[in-house]
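Since the structure comes first, as structure tokens, the remarks are kept for the end.
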Amino acid sequence: MRYTFDFSPDWSVNHRDERFPSSQPDNRRFFLPALSAHLHLGKTSNFSLNYNLHSSAPQLTDLRDRLDTRSPLNLKAGNPALKQSYTHNFMIWYYSMNVETQSTYSVSLEADLYRNESTIRQTYYTDSVYLPQYRYWVQPGATLTDQTNVNGAYSLRLKADYSAPANFMKSKFTSSLEIGHGRTPDIINGRLGFVRDFTPQLTLGLASNFSSKIEVNLRTLTGYRLSKSTENDTDHAIRETLDVGLRCNPTPKIFINSTYQFHFYRSSLQPSALTHNHIWNATVGCRVFRKNTGNISVTVYDILNRNRDLTTGMTSSYVSRTWQQLFSRFFTVNVSLRLNRKK
């Protein structure tokens with residue numbers, strides 16, 4: 001048994017100066033230490049403990065004390081008092097490998113604690129209001145958005161991974177169980193609120209190499225999300241995906257690639273409008289020229305023409321529903337030529 005310990009401090013100074021439309025210097029100092037301790041339990045097991053401090057400075061456009069009125073109903077303003085944000089990251093990780101069965105498993109616990117988190121602040125105006133600091137009259141129904149610093153946000157993740165060969169079918173099996181919990185702030189009409197999330201998910205995978213001509217990959221993900229706001233709004237969402245990939249080389253010149261994805265999503269906020277997608281893409285092509293330096297192929301996307309996306313979101317004061325219509329069925333013709341020599 002042996003151990004190692006590392007400490008790496010990072011000190012930097014960031015100087016920025018926006019000279020248009022007016023001079024606005026911004027000087028910030030960063031001290032970002034990183035600590036890690038590793039314990040080697042024999043040749044096949046490891047235990048590690050890590051701490052990292054990350055920091056990010058606000059964009060100069062977010063510091064500018066000006067009002068963006070290009071969209072009168074969606075106003076944006078900067079906040080000169082914005083501070084740089086910090087993230088304290090803690091991680092405990094254990095890994096072990098069985099040489100005889102070629103199986104591996106690992107368990108990790110990770111936590112992020114946020115200080116001075118840059119948070120969106122929105123103010124809704126039902127009537128026309130004069131903003132003296134900007135000398136501007138706000139239209140009824142407008143929203144003013146800026147950012148401010150908030151404490152109290154965090155995220156936790158517990159994850160377990162396992163992989164092992166499935167020799168009877170020339171495959172490798174992988175699995176991952178992850179449980180997450182987080183607390184996210186927002187400010188609506190001057191009121192600070194938080195949304196708490198609980199997100200367990202299970203991922204299973206199978207990668208198969210039946211021969212040099214056929215390769216098949218399978219992956220499934222089953223997830224659940226529970227969100228609760230300070231206004232006692234609650235959302236239960238279920239997500240299920242299935243990914244199948246096929247690579248086939250029936251001859252040295254011909255190749256066929258195909259992918260299929262099934263996506264199911266349902267939210268208690270909109271139970272009647274669920275997402276139920278079947279997305280199938282396929283490519284057929286041939287290699288040309290000497291030493292197969294060129295490729296000519298045809299790819300058809302969304303063959304079944306079943307692609308629509310729905311997402312739901314929650315803040316401390318309201319819920320949102322977003323539908324997105326993606327590209328429908330289409331195809332492309334692809335021609336490529338490799339100029340370098342393949343060794």
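The structure presented is a predicted model; accordingly, all values stated were derived computationally and were not measured.
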Do [X] and [Y] have a side chain donor and acceptor closer than 3.5 Å?
| X | Y | answer |
| --- | --- | --- |
| T174 | S163 | no |
| T87 | D112 | no |
| N74 | T143 | no |
| S297 | N334 | yes |
| E240 | T222 | yes |
| T241 | R239 | no |
| Q84 | N116 | no |

Counting N and O atoms only, with roles assigned by atom type, does the side chain of [X] sit under 3.5 Å from a partner on the main chain of [Y], one being a donor and the other an acceptor?
| X | Y | answer |
| --- | --- | --- |
| R183 | F194 | no |
| N79 | Q147 | yes |
| S128 | V138 | yes |
| R247 | N257 | no |
| N189 | Y124 | yes |
| T119 | E117 | yes |
| D302 | N305 | yes |
| R287 | P252 | yes |

Beyond-backbone contact of [X] with [Y], side-chain heavy atoms, under 4.5 angstrom:
| X | Y | answer |
| --- | --- | --- |
| I188 | R191 | no |
| H263 | I279 | no |
| H38 | D6 | yes |
| S208 | K170 | no |
| D65 | Y134 | yes |
| L82 | D146 | no |
| H40 | T4 | yes |
| L337 | L339 | yes |

Looking at every non-hydrogen atom in both residues, tell me the closest pair between [X] and [Y] and how far apart they are.
| X | Y | value |
| --- | --- | --- |
| P140 | T126 | CB-O, 3.5 Å |
| P185 | A153 | CD-CB, 3.7 Å |
| P132 | Y130 | CD-O, 3.3 Å |
| T234 | S268 | O-OG, 4.0 Å |
| G223 | Q201 | CA-CB, 3.8 Å |
| P72 | R70 | CD-O, 3.6 Å |

Roughly how far apart are [X] [atom1] and [Y] [atom2], rounded to 0.5 Å?
| X | Y | atom1 | atom2 | result |
| --- | --- | --- | --- | --- |
| L226 | D197 | CG | CG | 8.0 Å |
| S55 | R115 | OG | CZ | 9.0 Å |
| Y125 | Q139 | OH | CD | 13.0 Å |
| N295 | F255 | CG | CZ | 4.5 Å |
| L158 | I179 | CG | CD1 | 5.5 Å |
| I187 | T145 | CD1 | OG1 | 12.0 Å |

Geometric class of the [Y]/[X] ring pair [parallel <30°, tilted 30-60°, perpendicular >60°]:
| X | Y | result |
| --- | --- | --- |
| Y95 | W93 | parallel |
| Y301 | F330 | parallel |
| H88 | Y51 | parallel |

Check the hydrophobic clustering (I, L, V, M, F, W, Y; side-chain heavy atoms under 4.5 Å; chains of links allowed) and say if [X] and [Y] are grouped together.
| X | Y | value |
| --- | --- | --- |
| V300 | F262 | yes |
| V244 | L206 | yes |
| L109 | F90 | no |
| F7 | L53 | yes |
| L113 | L32 | yes |

Show, in sequence, the C-alpha distance, side-chain angles and deciding distance for I92 and L49, and conclude whether the side-chain contact (heavy atoms from CB on, under 4.5 Å) test is met. CA-CA 5 Å; I92 301 174; L49 177 63; 3.4 Å; yes

Check the pair T283, N281 against side-chain contact (heavy atoms from CB on, under 4.5 Å), reporting the backbone distance first and the verdict last. CA-CA 7 Å; T283 299; N281 306 325; over 6 Å; no

Apply the test salt bridge (Lys or Arg N to Asp or Glu O under 4.0 Å) to residues D68 and K76: give CA-CA distance (whole Å), side-chain angles for both, the deciding distance (0.1 Å), then the verdict. CA-CA 5 Å; D68 185 352; K76 296 181 180 180; over 6 Å; no

Checking side-chain hydrogen bond (donor to acceptor under 3.5 Å, both in side chains) for the pair N277/Q261: CA distance, chi angles, key distance, verdict? CA-CA 8 Å; N277 288 341; Q261 183 186 72; over 6 Å; no

Would you say [X] has more than 12 foreign heavy atoms packed within less than 6.0 Å of its [atom1]?
| X | atom1 | answer |
| --- | --- | --- |
| Y3 | OH | no |
| K83 | NZ | no |
| F5 | CZ | yes |

Kindly indicate, with the supporting measurements, whether the criterion side-chain contact (heavy atoms from CB on, under 4.5 Å) is fulfilled by L67 and L144. CA-CA 9 Å; L67 184 65; L144 173 61; 3.6 Å; yes

